[in-house]
Number of protein chains: 4
Amino acid sequence: MTKNLAKSAISQKRVLDAAARIFRDYGYAGTTMRAIADEADLKAGSIYYHYKSKDDLISAVLDIGIRAVTDNVDKALKALPETATGRERIEAAIRAHLSAIIEVGDYTLATRRALGQVPEPIRARNRYMRDAYGAIWQKILADAHERGEFNTTANLSLARLFILGALNWTVEWFKPGGRPIDDVAREFAAVVLDGLSGNGGAAAAGPSESVRTPTLP
Amino acid sequence: MTKNLAKSAISQKRVLDAAARIFRDYGYAGTTMRAIADEADLKAGSIYYHYKSKDDLISAVLDIGIRAVTDNVDKALKALPETATGRERIEAAIRAHLSAIIEVGDYTLATRRALGQVPEPIRARNRYMRDAYGAIWQKILADAHERGEFNTTANLSLARLFILGALNWTVEWFKPGGRPIDDVAREFAAVVLDGLSGNGGAAAAGPSESVRTPTLP
Amino acid sequence: MTKNLAKSAISQKRVLDAAARIFRDYGYAGTTMRAIADEADLKAGSIYYHYKSKDDLISAVLDIGIRAVTDNVDKALKALPETATGRERIEAAIRAHLSAIIEVGDYTLATRRALGQVPEPIRARNRYMRDAYGAIWQKILADAHERGEFNTTANLSLARLFILGALNWTVEWFKPGGRPIDDVAREFAAVVLDGLSGNGGAAAAGPSESVRTPTLP
Amino acid sequence: MTKNLAKSAISQKRVLDAAARIFRDYGYAGTTMRAIADEADLKAGSIYYHYKSKDDLISAVLDIGIRAVTDNVDKALKALPETATGRERIEAAIRAHLSAIIEVGDYTLATRRALGQVPEPIRARNRYMRDAYGAIWQKILADAHERGEFNTTANLSLARLFILGALNWTVEWFKPGGRPIDDVAREFAAVVLDGLSGNGGAAAAGPSESVRTPTLP
DNA sequence: TATGAATGAGTGTTCATTCAT
DNA sequence: AATGAATGAACACTCATTCAT
């Protein structure tokens with residue numbers, strides 16, 4: 001019984017992983033249940049034993065994608081001492097964000113690729129979770145501001161959009177195996193905090209090797 | 001003759017605009033020719049009188065999206081005096097970028113939504129155009145750096161990715177009718193150049209009203 | 001008026017010829033009005049000024065194909081003296097058949113290609129004309145038989161089927177510019193009348209150069 | 001397992017038979033997958049479980065049509081004793097040809113009807129098989145000639161075209177249930193070998209009852 | 001006479017989903 | 001738990017035909 005249950009759970013995971021990979025490569029509409037089944041070494045009909053529908057599957061994939069990032073950043077922040085500075089928190093959050101999207105890369109990329117095509121109800125559900133992640137960043141910035149670490153004229157809302165935009169975009173160009181996550185996180189924080197013309201800047205000298213030509217929608 | 005020509009051109013434009021709106025709302029795969037036809041007040045078969053295929057249509061939409069931005073930024077930069085500072089150039093470029101994506105908002109959003117699902121050959125063609133836009137920014141930053149306007153330790157590649165990422169993202173939250181483009185452009189440039197903790201900062205005080213809750217992939 | 005009429009007639013003929021060529025190359029269902037229009041240097045809609053429908057067009061093409069053969073064979077037989085032998089009549093008919101299908105080759109080939117796909121009412125109408133042609137051959141054979149030129153045991157019905165089958169098939173392999181029609185007609189008659197093992201035989205020695213590898217349905 | 005296999009095979013055969021009948025009646029282009037599905041008591045989409053495409057289906061039908069004839073004739077010739085005369089061989093081949101096209105009548109007629117409209121690659125593949133059948137007849141005639149059974153002036157190429165033409169045509173008028181195949185084969189051979197005016201002639205006296213009015217393209 | 005533009009019925013094909021086994 | 005077979009609704013696209021100009 002336990003064994004069967006375990007076996008079932010394994011199968012379920014196999015299907016989910018397969019789905020993430022296929023959604024990542026072909027988007028939501030471009031993905032067929034047959035393709036997922038092939039990837040999971042199953043027949044199309046069998047998927048329905050584990051998941052009720054295609055929407056059910058994409059939903060699960062989407063959730064994992066955002067939850068991994070949220071949880072990881074949450075955990076990293078909690079691991080920090082009370083005394084940590086805003087800069088340290090920002091760096092830590094960026095680091096956690098990056099390592100999470102690497103960890104569950106297939107799910108993150110699947111989200112990036114598929115989210116735009118997913119039926120609205122599912123997207124709404126996912127948006128809710130992602131807004132919660134936005135709130136985390138809002139708090140990080142607000143805290144730093146209160147501590148007086150920011151320029152008094154700084155526009156926090158804009159800054160948050162700015163950071164999240166850039167952070168979301170990393171998934172497009174950041175590749176594991178290039179420059180260490182720590183470096184990128186530090187550079188990123190430096191740009192955000194000190195600016196390009198600023199005098200502070202822990203911004204590393206050389207060009208990052210984990211960087212590709214960017215694209216623009 | 002002239003009238004017929006005009007009539008044809010108008011119909012064609014009507015179809016293209018309709019396509020942009022539908023692609024924007026449903027993505028590439030999620031868009032049906034019937035939906036476009038409905039939006040254009042035509043029957044599905046009639047679209048084919050104006051465009052050879054769905055791919056032909058999305059191709060046209062994609063091109064307009066990026067070309068509007070590229071051309072507008074190009075023109076704005078050329079309109080600047082030789083003596084313009086890097087900051088001025090960056091501000092001008094951001095302003096031109098924002099006004100272009102507002103001008104052809106449907107096309108830009110359609111691109112954002114559909115690009116990931118489009119057949120590779122079409123995407124490749126579009127990527128080429130978008131890379132050219134990346135090169136424009138590369139040059140803006142490199143020039144400013146040479147003029148000594150940037151922190152010597154600044155990582156230009158990362159900065160470009162940062163800016164383009166944030167800029168690309170604006171399409172998600174920036175709505176016309178909110179805060180004036182000029183203000184947002186100035187704030188944006190301030191964050192980029194001076195950082196949040198910087199001392200410079202033309203960054204306006206209040207929160208931008210043209211700002212919505214951000215989302216994350 | 002007369003001029004306009006003439007012009008119209010010319011246009012009509014141009015459309016008909018174009019139709020024959022296209023039907024010949026693509027069959028009935030495989031032929032589009034657009035293709036015919038292109039071939040006739042017209043726009044698709046304009047065909048309808050000359051012919052009421054696609055069926056109308058194929059009908060006209062079909063009629064010309066069979067009528068040319070029937071008329072030509074009829075005329076050739078009538079041109080023969082009363083005293084002509086059965087063999088002479090058979091040879092003359094074969095000659096007339098071959099020259100007719102060469103003369104209106106596009107129409108004959110169009111018939112061969114398209115007939116099987118044409119709506120039944122049209123096919124029925126055409127079949128009626130073709131049966132009349134069969135009757136001509138029936139008479140030729142019956143006359144020769146009565147004159148005592150045939151083996152008394154000869155099965156005329158079967159022979160007619162045999163001859164018409166082989167004759168119909170010529171359209172598949174007989175090409176103008178190869179061996180002269182006269183020769184082929186004589187050889188044909190020889191096989192029919194004398195057989196392969198027979199002693200008569202005007203059948204020429206060498207292989208006919210107008211002959212290709214045959215095919216079989 | 002065995003049962004499932006059988007069930008699948010039966011369904012597949014049902015579809016194939018249905019396809020042959022519909023192709024026979026409406027030609028290639030005139031046949032819709034929906035019509036085949038109806039005939040096979042299935043829904044259109046279900047056909048694709050058994051055959052990849054319409055082309056796949058017509059290909060299979062075409063192959064069966066020619067293969068049945070070739071194999072049957074081949075077998076009949078091999079069953080003949082070494083000492084069999086040319087006439088015997090010709091008769092045997094005709095008999096085998098006729099019985100084969102009766103056996104798989106739908107497939108043969110489908111071929112006759114559809115071949116001209118089928119995409120070239122498929123037609124080429126089938127032509128290859130049909131040329132092999134032509135070669136069989138070439139050999140029959142050449143052997144008989146070498147044995148001295150033919151008039152020395154006989155034109156073998158023309159004769160082959162003649163015979164194959166007439167034989168191909170039989171499919172148009174020969175109906176099972178009429179005169180026995182044996183008789184028709186004997187008469188046919190007689191016409192070919194002895195001619196209408198010849199003195200030999202096993203050609204039967206009465207008119208064949210399995211004979212219909214012929215048609216001509 | 002001829003055309004540009006449009007229509008609507010239909011085509012082959014795909015695919016999420018179901019269900020008996 | 002898994003599969004083979006089937007379904008039905010949809011899809012992109014084609015085409016004969018119409019009609020105002």
Side-chain angles (χ1 to χ4, degrees), chain A residues 4 7-8 10-12 15 29-37 40-57, chain B residues 1 3-5 7-8 10-12 29-37 40-57, chain C residues 4 7-8 11-12 15 29-37 40-57, chain D residues 1 3-5 7-8 10-12 15 29-37 40-57:
Chain A
N4 276 352
K7 188 182 167 201
S8 177
I10 287 171
S11 274
Q12 190 155 336
V15 170
T31 287
T32 70
M33 295 300 266
R34 243 170 205 68
I36 295 175
D41 218 21
L42 241 64
K43 302 296 168 180
S46 309
I47 293 180
Y48 290 82
Y49 186 84
H50 299 290
Y51 291 90
K52 221 176 60 213
S53 68
K54 189 184 180 184
D55 286 2
D56 218 44
L57 256 177
Chain B
M1 208 56 159
K3 203 169 168 189
N4 276 351
L5 230 63
K7 186 186 171 200
S8 179
I10 286 169
S11 275
Q12 191 154 334
T31 288
T32 72
M33 295 302 267
R34 253 169 200 72
I36 295 176
D41 215 22
L42 237 64
K43 302 298 167 176
S46 308
I47 294 181
Y48 292 83
Y49 186 81
H50 300 289
Y51 291 89
K52 224 173 57 220
S53 66
K54 189 183 180 185
D55 285 5
D56 219 45
L57 255 178
Chain C
N4 275 353
K7 189 184 167 199
S8 177
S11 273
Q12 190 155 337
V15 169
T31 287
T32 70
M33 296 300 266
R34 244 171 204 67
I36 295 176
D41 219 21
L42 240 64
K43 302 297 168 179
S46 310
I47 293 181
Y48 290 82
Y49 185 84
H50 300 290
Y51 291 89
K52 221 175 60 214
S53 67
K54 190 185 179 184
D55 285 4
D56 219 43
L57 255 177
Chain D
M1 208 55 159
K3 205 170 168 188
N4 275 352
L5 231 62
K7 187 188 171 199
S8 178
I10 286 170
S11 276
Q12 191 155 334
V15 170
T31 288
T32 71
M33 296 301 269
R34 269 165 189 77
I36 295 176
D41 215 21
L42 237 66
K43 303 298 168 175
S46 308
I47 294 181
Y48 290 82
Y49 185 81
H50 300 289
Y51 292 90
K52 224 174 58 217
S53 65
K54 188 184 181 184
D55 284 4
D56 219 45
L57 255 179

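Chain naming here is simple, since letters A, B, ... match the order of the sequence lines and numbering starts at 1 in each. Not measured: the values here are computed from a predicted model.
- Atom CD1 in A/I36 sits roughly 15 Å away from atom P in F/dT3 (whole-Å rounding).
- In this structure, B/H50 does not reach the E/dG4 phosphate: none of its side-chain N or O atoms is under 4.0 Å from OP1 or OP2.
- Straight-line distance from the OH atom of A/Y48 to the P atom of F/dA1: 19 Å, rounded to whole Å.
- Atom pair A/L42:CG and E/dA16:P shows a separation of 15 Å (rounding to whole Å applied).
- The distance from atom CZ of A/R34 to atom C1' of F/dG4 is 10 Å, rounded to the nearest whole Å.
- Each of D/I47 and B/G30 was matched to the nucleotide of DNA chain F holding its nearest heavy atom; the match closer to the 5' end belongs to D/I47.
- Atom pair B/I10:CD1 and E/dA5:P shows a separation of 11 Å (rounding to whole Å applied).
- Phosphate proximity of F/dA5 to D/S11: absent, as no side-chain N or O sits under 4.0 Å from OP1 or OP2.
- At the phosphate of F/dA6, neither OP1 nor OP2 sits under 4.0 Å from any side-chain N or O atom of D/K43.
- The nucleotide F/dT21 finds its pairing partner in E/dA2, both defining distances of the Watson-Crick or G-U wobble pair being shorter than 3.5 Å.
- Contact of the A/K52 side chain with the A/L57 side chain is not registered, since no non-hydrogen atoms from C-beta on lie closer than 4.5 Å.
- Following rounding to the nearest Å, A/D41 (CG) and F/dA1 (P) show an atom-to-atom distance of 17 Å.
- Within the nucleic acid shown, B/T32 comes within 4.0 Å of sugar-phosphate atoms alone, with no base atom in reach, counting heavy atoms only.
- When rounded to the nearest whole Å, the span between OH of B/Y51 and P of E/dA6 equals 12 Å.
- Here C/Y49 does not reach the OP1 or OP2 of E/dA2: none of its side-chain N or O atoms lies under 4.0 Å away.
- Remark: the backbone N or O of D/T31 is paired with a side-chain donor or acceptor of D/K54 at under 3.5 angstrom.
- Summary of the strand contacts: D/A44 and B/S46 both lie near DNA chain E, and taking for each the nucleotide with the nearest heavy atom, the more 5' one is attributed to B/S46.
- Taking the nucleotide of DNA chain E with the nearest heavy atom to each of B/G45 and D/S53, the more 5' of the two is matched to B/G45.
- Atom-to-atom, NZ of B/K54 to P of F/dC13 comes out at 8 Å; the value is rounded to the nearest Å.
- With a 6.0 Å radius and a threshold of 12 heavy atoms from other residues, nucleotides or ligands, D/D55 has its CG atom above the threshold.
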